[in-house]
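For reference, positions follow the sequence shown, starting with 1. The analysis underlying the following values was restricted to heavy atoms, covering all of them including side chains, and did not include hydrogens, waters or symmetry mates.
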Amino acid sequence: DTDTGALLREFHNEAPISSCALFPGGDRIAMCGFDGQCTIWGCDSGRALARLRTGSVTLVKVFPSGDRVVTYGRGLSASVWDATSGERVCNFHPRFSSASVVEIFPAGDRVISGGPEGTVSIWNAPLNGSLSVLVEFHSRRWLLGVAVLCGGRD
């Protein structure tokens, strides 16, 4: 509680946590562990609402609409999931490296991923089917992060 500092809820995962993301509205949280599982929890109930079998996952991001999440990890691929059913919607595979950073455009229609060797890819993010690369950039620098500015376009 921000007024009293009291602990409102604890979530327990069976493996160390690699990433967590809050859903818009603050009613759910997605939590990924090094056990290859990403769980979507109800913040009020403390119950697991969906479990995503992801393999080795290191990061989770929530789409602005709250209906999907994207996970990625070691394995040269990332996945988009339906946040309610826990079903995999699609995968995408960076062509030059594994994704080490991922962000979602504010409109939820594109995903940007970056790899440690400096490749940045912008993906079309359909509601179903496979993602397609719209554009790629290459740098000679180690990539530590990506960001989408303001309107999230161009």
Side-chain angles (χ1 to χ4, degrees), residues 1-94 98-116 120-134 143-154:
D1 183 292
T2 57
D3 293 328
T4 67
L7 177 66
L8 299 176
R9 172 90 48 214
E10 284 185 329
F11 298 92
H12 297 281
N13 201 47
E14 295 186 21
I17 302 300
S18 60
S19 178
C20 61
L22 190 63
F23 279 74
D27 61 334
R28 295 173 289 167
I29 188 169
M31 187 181 312
C32 291
F34 288 109
D35 59 353
Q37 182 167 273
C38 185
T39 304
I40 298 175
W41 299 90
C43 288
D44 291 333
S45 69
R47 293 189 347 222
L49 304 175
R51 295 190 191 277
L52 318 176
R53 308 281 183 217
T54 61
S56 179
V57 66
T58 56
L59 186 78
V60 62
K61 296 284 183 162
V62 178
F63 277 75
S65 61
D67 62 340
R68 296 175 290 163
V69 298
V70 62
T71 61
Y72 75 86
R74 296 175 230 119
L76 302 179
S77 70
S79 297
V80 176
W81 305 82
D82 181 289
T84 302
S85 70
E87 296 293 319
R88 189 184 319 255
V89 175
C90 59
N91 287 329
F92 61 101
H93 305 276
S98 62
S100 59
V101 292
V102 170
E103 282 296 336
I104 301 167
F105 278 64
D109 60 341
R110 295 178 183 174
V111 175
I112 185 169
S113 67
V120 175
S121 300
I122 299 176
W123 305 80
N124 187 24
L127 292 176
N128 53 39
S130 62
L131 282 80
S132 59
V133 176
L134 296 175
L143 187 65
L144 298 176
V146 293
V148 179
L149 302 177
C150 288
R153 285 290 191 215
D154 304 334

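A pairwise comparison of heavy atoms in C20 and I29 identifies CB-CD1, 4.2 Å as the closest pair. For G66 against A83, the heavy-atom pair with the smallest separation is O-CB, 3.7 Å. Considering all non-hydrogen atoms of both residues, T39 and A48 come closest at CG2-CB, 3.7 Å.
For the pair R110 (side chain) and F105 (backbone), a donor-acceptor distance under 3.5 Å is absent. Here the side chain of S18 pairs a donor or acceptor atom with the backbone of C32 at under 3.5 angstrom.
Counting only residues at least two apart or in different chains, ring-ring contact (aromatic ring centres under 6.0 Å, His included) contacts with residues 43-69 are absent.
Partners of D35 by side-chain hydrogen bond (donor to acceptor under 3.5 Å, both in side chains), not counting sequence neighbours: none found. Applying the side-chain hydrogen bond (donor to acceptor under 3.5 Å, both in side chains) rule to S19 yields no partners; only residues at least two apart in sequence or on another chain are considered. Checked against side-chain contact (heavy atoms from CB on, under 4.5 Å), D44 has no partners two or more places apart in sequence or in another chain. With sequence neighbours excluded, no residue satisfies side-chain hydrogen bond (donor to acceptor under 3.5 Å, both in side chains) with S45. T2 is linked by a side-chain hydrogen bond (donor to acceptor under 3.5 Å, both in side chains) to nothing, counting only residues two or more places apart in sequence or in another chain.
Side-chain contact check for F23 versus I40: some heavy-atom pair is nearer than 4.5 Å.
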